[in-house]
Structure formats: C-alpha cells, structure tokens
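Note sheet for the following structure.
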Amino acid sequence: MQVRTISQQWWRNRSSRRPQREEVIQNSKEVLSLLQEKNPAFKPVLAIIQAGDDNLMQEINQNLAEEAGLNITHICLPPDSSEGEIIDEILKINEDTRVHGLALQISENSFSNKVLNALKPEKDVDGVTDVNLGRLVRGDAHECYVSPVARAVVELLEKSGVNLDGKKVLVIGAHGSLEAALQCLFQRRGSMTMSSQWKTPQLQSKLHEADIAVVGSPKPEDIPLSWIQPGTTVLNCSHDFLSGRLGCGSLGVHFNGLIAEDDVRLLAAALRIQNMVSSGRRWLREQQHARWRLHCLKLQPLSPVPSDLEISRAQTPKAVDVLAKEIGLLADEIEIYGRSKAKVRLSLLERLKDQADGKYVLVAGITPTPLGEGKSTVTVGLVQALTAHLNINSFACLRQPSQGPTFGVKGGAAGGGYAQVIPMEEFNLHLTGDIHAITAANNLLAAAIDTRIFHENTQTDKALYNRLVPLVNGVREFSSIQLARLKKLGINKTDPSTLTEEEISKFARLNIEPSTITWQRVLDTNDRFLRKMTIGQAPTEKGYSRQAQFDIAVASEIMAVLALTDSLTDMKERLGRMVVASDKNGQPVTAEDLGVTGALTVLMKDAIKPNLMQTLEGTPVFVHAGPFANIAHGNSSVLADKIALKLVGEEGFVVTEAGFGADIGMEKFFNIKCRASGLVPNVVVLVATVRALKMHGGGPSVTAGVPLKKEYTEENIQLVADGCCNLQKQIQVAQLFGVPVVVALNVFKTDTRAEIDLVCELAKRAGAFDAVPCYHWSVGGKGSVDLARAVREAAGQGSRFRFLYDLQLPIVEKIRTIAQAVYGAKDIELSPEAQSKIDRYTQQGFGNLPICMAKTHLSLSHQPDKKGVPRDFILPISDVRASIGAGFIYPLVGTMSTMPGLPTRPCFYDIDLDTETEQVKGLF
C-alpha cells in the first residue's frame, strides 16, 4: 500500500494560518486536561476505519490528536472491502469500551444507510447516524454530534465576517448526512438554503442567484467556473477532498480570498477532535454516580393474592440488556443468558474503583418458624419501594436457592406475592449453572483424593513419580503446580532428573490418612440415603474402601469460597488452600498438594460472576452464591455486594439478606463476611411476624405442610406479647455490633391492628430505631414505602460497627463468646473429638480464623423445640471442622446433618411441565 505523507513544509504553511483550528484544539486540550485532573487514567481514543490507500487525512488527524492529547487508532481495510466487512469492524469498535469515538474514512459509494447507522450514536463523532441527525433537526444540538465538516463551513463563513441572515446558500453535489447538516445549520442562521446536484438543469440559474456556494462533491469538467458570479463565496467540502483526494476541477475561492480550501479540511478535523473530547466527557459522566433512569414495571395487585408463580408469570420482565444499560453497565460487562438473566464481569470493579459506595443494609430475622418469616420477601419489597416508589437507586443481593429445598419441603426462595424476583422458575431452577459448577469442582477434588490414595497404595515411589512427571516427546518437565509443591517442600530444583530418591518419595507421596478425610462428595438434591455409605467396593479398587458421605451441594466449602472471594486471583488462592485431610504426620493436605487448584478454578471461572435479574417492578437484583446459614455462613457473595455498592452510587442502597435468624445469619455476616469484604453495614432490618412471635410466646408447634392452629389465625395479644422476648433478644444481638436496627413486621392477612401495634411498640421500647408494618406481599413496593423511609433515616444516623470478638482469641474463647453473648448460653461443653480437632487446628496454624457455628436455626439454643429466649443452658460442641480456603472454623452444635432428606410428601408432587406451552407449574 502506498502512503502519501504531508510534508513538514506543508504543515508549517498551514500552521501559520491557523487561528480557528488552533483555538478549537486548545479548547479541547484544556477541557481534556480538566477531565484528566479528576481521572488521571482517562485518555479518550478515536478509532478511524479507513478503506483505501490514501493517508493524507490520517496524518492530519494524528497531528491534531497529539496536539489535543488524545489517542487515535486506525483500522485499515482493503479499498474493495464489502459493506458487511466494514460493518463488522464498526460493530467491534462499538463494543470496545476503550474507544470513545468512531469515524469512517471510506469511499462515498460505501456510505450506505446500513453502514452509517451501524455506528453507535454516542460514538458517532462525525454526526452521520440518523439518531444524531434527527436530534440536530429537532433543535437538540447539545445532545448530539454535529457534522464537523458542516460546522467548519458555517464557522469559517461567520469568522470571515459573512452575515448569514438572509443570504442565499446553494449546496451543490452534497448527499445524505452532510447535505442535511448543512441545510439545518444554515437555516438556523436565517439563510435561505437550496440544494442541487451537478446535473440539475437549473444549476446555472441557481448559481447566479447564490451568495454562497458549498460544494459537496467534485465538480464535473463540463461545468464552467463562469457560471459562478463574481463575489460569490465558494467552499469546497467534497468527501473526496476531505479524504485527501483533490476533486476534479478543484474550485478556487472568491470573496477576496479570505477562505482557503485547506481551512475547511483542517477546521473540520479539529472540530472532530472537539467532538471526541465531548464524547469522552459524556462517557466519564455516565461512569459517575447518577440517579438511574430506570423504567419500572407497573403492578396491578389482585385480591385475593394469586400464587407466586401466577404473579411472576403475569409480569413481563424487561430484557436484561435493557436493565443493564439502565443501571450503568456497559455492553461488554455483561454476558447474557437467555432473555432475563446475565452474568456481570468483574472488570466493572476496576472501572468504578473511584466511585463512592452506597449505603449497606442487612436484612436478618427473628428465630423463624419452619415456614420462614419472609426475609427474602422483605428484601425485595424494600428495594422495590426504594427504587420504584422513592426514586432512589437500590440493589437487592440474594442467595441462589438450592434445588434440594425447592423439590423438598420449603419450596423456592425468590420472595413471594408481589415482592419477587422474576422469572421465579428460572431463579429457582438451575439459574446460570453456578451450583452445578460447584458440584463438578467439589466432586473432582473428592475423586482426586481417593484416586491419589489408591495409586500411592499400589505403586512404588519410582513408578508413582514416573507417572506424575511423565516423559513427553523425550522430555520430562514439572507442571507449574508441581513446581509450587517442590517449593513448599523446600526442594529448590526444576529438573525432574536431579531429584534424589528421598526427594522423589517426599514429592510423590502425600501419605493421606484416610480417617482424617473431611472432604465429601456433594449433590444438589435432598437424599437421606447418601448420608453414610461405603465407597471403593468394586474389585478394580483392589480392596481399598472406606466410609464416606454426600453433603448437599450448597454445604460445599467451594460455595463458601465463592461467597467470600473478592477476585479471580483470590478465589484461586482460596481453592488451593482448602484442607481436605491430614497426612500420617498430622500435617494438613490441601487441594494445592493434590495438584487440582488450576482445574477447580477453570470449573469456577464463570460461577464467580454475579447473576443479574430483576424484581416484579423491574428493579435490579444480584443472585449469587447460596451457602446455608445453619451449616455454613449463610450470605450471598461479597462480589455481588461490592459491585452493587458501586453501581448504586453514594446516595443509593444495597440490601442483602442473611439466612435464618439474626443469631445465625447476621452474626456470621458481621464476624465472617464483613471481615472478608472490609465493608461496613449501615442498617439492620430485622424481620418479624406475628405468627413467629406467637410461637415464641408459647403457641402450638408449627409444622410445614400442616394447617396452622387457630391461635395463629385469630387475635391473641397475650401470645404476641410473650413472644416478643425473642424479638427483643435479636434486637440486642444486632446492637452488640453497633448497627441501628429497623424492625420490619411482615404483615399477614390474619394479623390484627392491635397485634401489629403491640409488636411495633415493644420493638421500639427494646431499642429499635423504628418498627414498621410492611404490606409488600399483597401490594408490592408501595406496601414498604414506610420501611424504605425508616431505613433511609436510620442510615443517616451513622453506624458504630464493631466485631464481636478479636481473631487473636483462642478458638475455644471465640466459640464461648458467641454462645454466651448471642445465644444466651451459660457455657459451652466440648466433646473429646471437638477438643482434639481444636488442638490440631491450633497446632496447624489455623487458630486465628473466625468462627462459623453450625447450629439449628429453630431456636437460640441447640434444641429446636426450645422457643422464646432459652436461658442457663450448656451449648454442646460435638465436633469442629475447618474450612481453610473459605477462611473459618466451624463447630458443630449437637447433631447437624449436612444432607437434608425428603419428607413424606415432597414439593415435587406438585411440580409439572405443560408440554404444549413449556411452562413450569407447581413451584412456590
């Protein structure tokens, strides 16, 4: 390809006649400098797609960009590039967030509507798209990009002293966007504008009448210059001219020679740079906090309230890419799954790293009945109220539900009534496959453990080493993870052939003690018959068998790692640190030792990205991670919270939920999740129901699937008053952490006004900042507006957040602190096995980790039938385990099953698929 460059003499000659161009570039430079003072890393990029071999304008653009302080990237295509090839390049640039402006330098024949309108209007710095032209025609020039060529023509005339008002302007040979922009700009200045093509029969008479002639394409040879009257101002801005190819019969300039042909070209190039800086400024403004322009979905609540599935199906969710754009996500920051779900890439955190966080709200609850008290419903209702009714940016961050309870007894977890995440069947079933990824990763590690023991038991050191470090194409090399293991062992060698026999044995053998294996296989199904089993009974396993078990998938440590990690790098490190057993010398064996860390990270690389969905009223929700609160820490992911806090901005709210009662989920949120994230909560919303308070006041037992006794459906002030002791205790627990508490009374249709008023009064007496009845289940966000206002006011009071215990305390003292301060226990009692585990973990260097108590959620004590506020009990610690990758020690209180079972009549009896419509039925 031949390249014609501009000589330095040419540039110096033009530079000596440059007041307007210099003024535009200087102004652009100053604006850009101001932007970069606040955003040092910001440097706008102009992309120019060029199809041809003439680079005259390329050098002009490059020189002006350097003067202004911005970057240019050229995409050079062959001159004969097809329309489709040009559009493909445009679409790539559209989605490149590093590029803030896009210009086309292609032949006039390639300027089809299809090509021009492929440009994103916000990157169209030449003003050629229909969107930008339409805004110009409507008079919204401040909201669009105006053709730099058209602006250059008008500004040159005005700077030369030409009064355009009343002048007759003839635009000759211009087409499309240039013709439209010229006509519009001249008409706005009072000129009478005519358009003509070179072959128009009346061209000579029109030229005789014109005061100003603007040439938009090369003059044919057969049109004599004599047709132009003396004194007529002529400007040449043909496309070929501006692309660097002088048109045939290049026109001279009349009007005393004040306007030169090159002036149009250079000023237009400078104005394009100005448009680029404006584009960059707009882009920066969009990255900064602003109140979302969210299109909220309208609700039409029915009475009686239909089923959750019917309500969900009656509302049509917004396309998830529309929602993403409304809340400030860029196109390349989401990965769309179907129409209503998307994953959000972690690169967003880097882009918004200087953005102030919003307010952080935790939804917890009193000790629940087996039916649940509606924390998810309150969470969704609160954000619907904040955003759809108070116009405050807000985000809900929820856990992904396990399919075990969905098909078992509890049903789904998308909220309920008119406060739900939609589509609820997608929320409750599979979502984007994160739990399946956890299951695959977990079971790969489980398989690696037993396989390694088997091979070590059946092979010599040499045979084992030769298989672990095989000869490939005559070369034996350590993998990177094997090199890391050598370093850990203190073997500073990289050549496999140089290891001694002792080093080979040390490297090849993990010597796992089977009785110490703590890593179990998992399945996302309630299956009681997998709670204990024997593996390795096939003859191929050569007599190696052991007792093992399955856990529910969400009990996997990998789920806890996912929920607590803050980056892909951190997740990989945590996965590698996971302790799966001890060796025969009592030292911990990790996933890193087994060489599986990289593979686990590959399986989890998509699961780490939070899932974007929406509420019934079209407000945003992150659904990410789903550890149980009774056998894990019970909170959604740190990453979802961090991204949401950036997206809502300083005045916005992120509302996240902690599982089960405040004594379990909230305590773990503060002592585990907040330590991992470094985030400080502003408000706790404590959810209560009249039903649960009556149970704590001595009401009959509540059983899932069994109709409620009359005590729960009729007014009973005494039961409510007696049961408020549990509410008061949970308020006190929240106050231990120095965070203001707002009580949300989730109102059911059988609750009476006297009962509601009593609960709110007693809650405030117990120290709650406020107590508010909520009706979101029956009417949506409108029913939680009072709660939203109370939360906003409480957040303004400031938080004096503090942790409950110092990590440097011994493990036993941390357990005792939680038992006494949170549960109200008199003391703890350790089983011999628990004491032995504590001694081992302390010796292995894990004594400074936080505590994650595995305890029943149905009572403050270890006994599910002890309601209200049990006192003077001894809390039994039957066992202690370690999740080193997740970063906590978890004691087991009493007997805790990590694999739920199915009831006599599971939910799956009611779940079905309409094979005609493919709609799911029976979910709740």
Side-chain angles (χ1 to χ4, degrees), residues 13-27 126-127 136-137 139 141-142 145-175 177-198 202-219 223 225-239 241-242 246-247 249-275:
N13 290 343
R14 271 49 187 183
S15 297
S16 65
R17 200 172 62 235
R18 64 181 186 180
Q20 279 180 270
R21 176 182 65 80
E22 187 178 55
E23 183 180 332
V24 171
I25 293 297
Q26 184 60 30
N27 174 265
D126 281 345
L136 176 62
V137 171
H142 62 286
Y145 297 110
V146 180
S147 163
V149 176
R151 280 183 60 198
V153 168
V154 172
E155 290 185 19
L156 282 169
L157 288 167
E158 290 180 328
K159 288 286 185 180
S160 300
V162 178
N163 181 6
L164 296 175
D165 189 19
K167 289 290 191 296
K168 294 181 180 179
V169 179
L170 177 63
V171 178
I172 314 169
H175 303 278
S177 59
L178 178 59
E179 180 184 13
L182 285 167
Q183 286 184 339
C184 192
L185 292 180
F186 278 121
Q187 287 169 3
R188 290 270 154 76
R189 285 158 175 78
S191 302
M192 293 178 286
T193 308
M194 303 174 288
S195 287
S196 176
Q197 297 306 313
W198 289 111
Q202 297 83 15
L203 176 60
Q204 185 173 3
S205 62
K206 288 182 178 182
L207 280 168
H208 274 274
E209 296 175 18
D211 300 309
I212 300 167
V214 181
V215 177
S217 60
K219 181 185 76 66
I223 304 292
L225 287 174
S226 59
W227 283 9
I228 301 173
Q229 294 298 300
T232 300
T233 303
V234 181
L235 293 97
N236 190 341
C237 59
S238 72
H239 172 78
F241 182 86
L242 287 168
L246 296 180
S250 178
L251 298 176
V253 179
H254 300 255
F255 195 71
N256 301 322
L258 292 177
I259 302 175
E261 292 170 340
D262 286 337
D263 289 339
V264 178
R265 170 169 42 199
L266 293 174
L267 182 56
L271 290 170
R272 176 190 276 169
I273 297 297
Q274 188 179 70
N275 281 353

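Nothing here was measured: the structure is a model prediction, and the numbers come from that model.
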Can you name the closest pair of heavy atoms from S177 and G127 and give their distance? CB-O, 4.2 Å

What distance separates [X] [atom1] from [Y] [atom2], expressed to the nearest 0.5 Å?
X: K219; Y: N236; atom1: NZ; atom2: CG; value: 10.5 Å
X: T233; Y: L164; atom1: OG1; atom2: CG; value: 9.5 Å
X: M194; Y: I172; atom1: CE; atom2: CD1; value: 9.0 Å
X: R189; Y: K167; atom1: CZ; atom2: NZ; value: 14.0 Å
X: I273; Y: N27; atom1: CD1; atom2: CG; value: 13.0 Å

May I ask you to test the [X]-[Y] pair for a side-chain heavy-atom distance under 4.5 Å?
X: M192; Y: V169; result: no
X: R272; Y: L267; result: no
X: P148; Y: N275; result: yes

Please answer whether the main-chain N or O of T232 pairs with a side-chain N or O of D211 as donor and acceptor at a distance below 3.5 Å. no

Checking Q187 now: which residues fulfil side-chain hydrogen bond (donor to acceptor under 3.5 Å, both in side chains) with it, not counting sequence neighbours? none

Out of the candidates V215, V154, L157, only one should pair with L235 under the side-chain contact (heavy atoms from CB on, under 4.5 Å) rule; please name it. L157

Kindly determine whether L170 and S196 satisfy side-chain contact (heavy atoms from CB on, under 4.5 Å), including the steps that lead there. CA-CA 7 Å; L170 177 63; S196 176; 3.9 Å; yes

So, E179 versus S195: side-chain donor-acceptor pair below 3.5 Å or not? yes

May I ask you to say whether E155 pairs ionically with K159, meaning some side-chain N is under 4.0 Å from a carboxylate O? no

Could you give the side-chain donor-acceptor pairs of residues 203-210 under 3.5 Å, partners two or more places apart or in another chain?
residue: S205; atom: OG; partner: Q202; partner atom: O; Å: 2.8
residue: H208; atom: ND1; partner: Q229; partner atom: NE2; Å: 2.4
residue: H208; atom: NE2; partner: Q229; partner atom: NE2; Å: 3.4

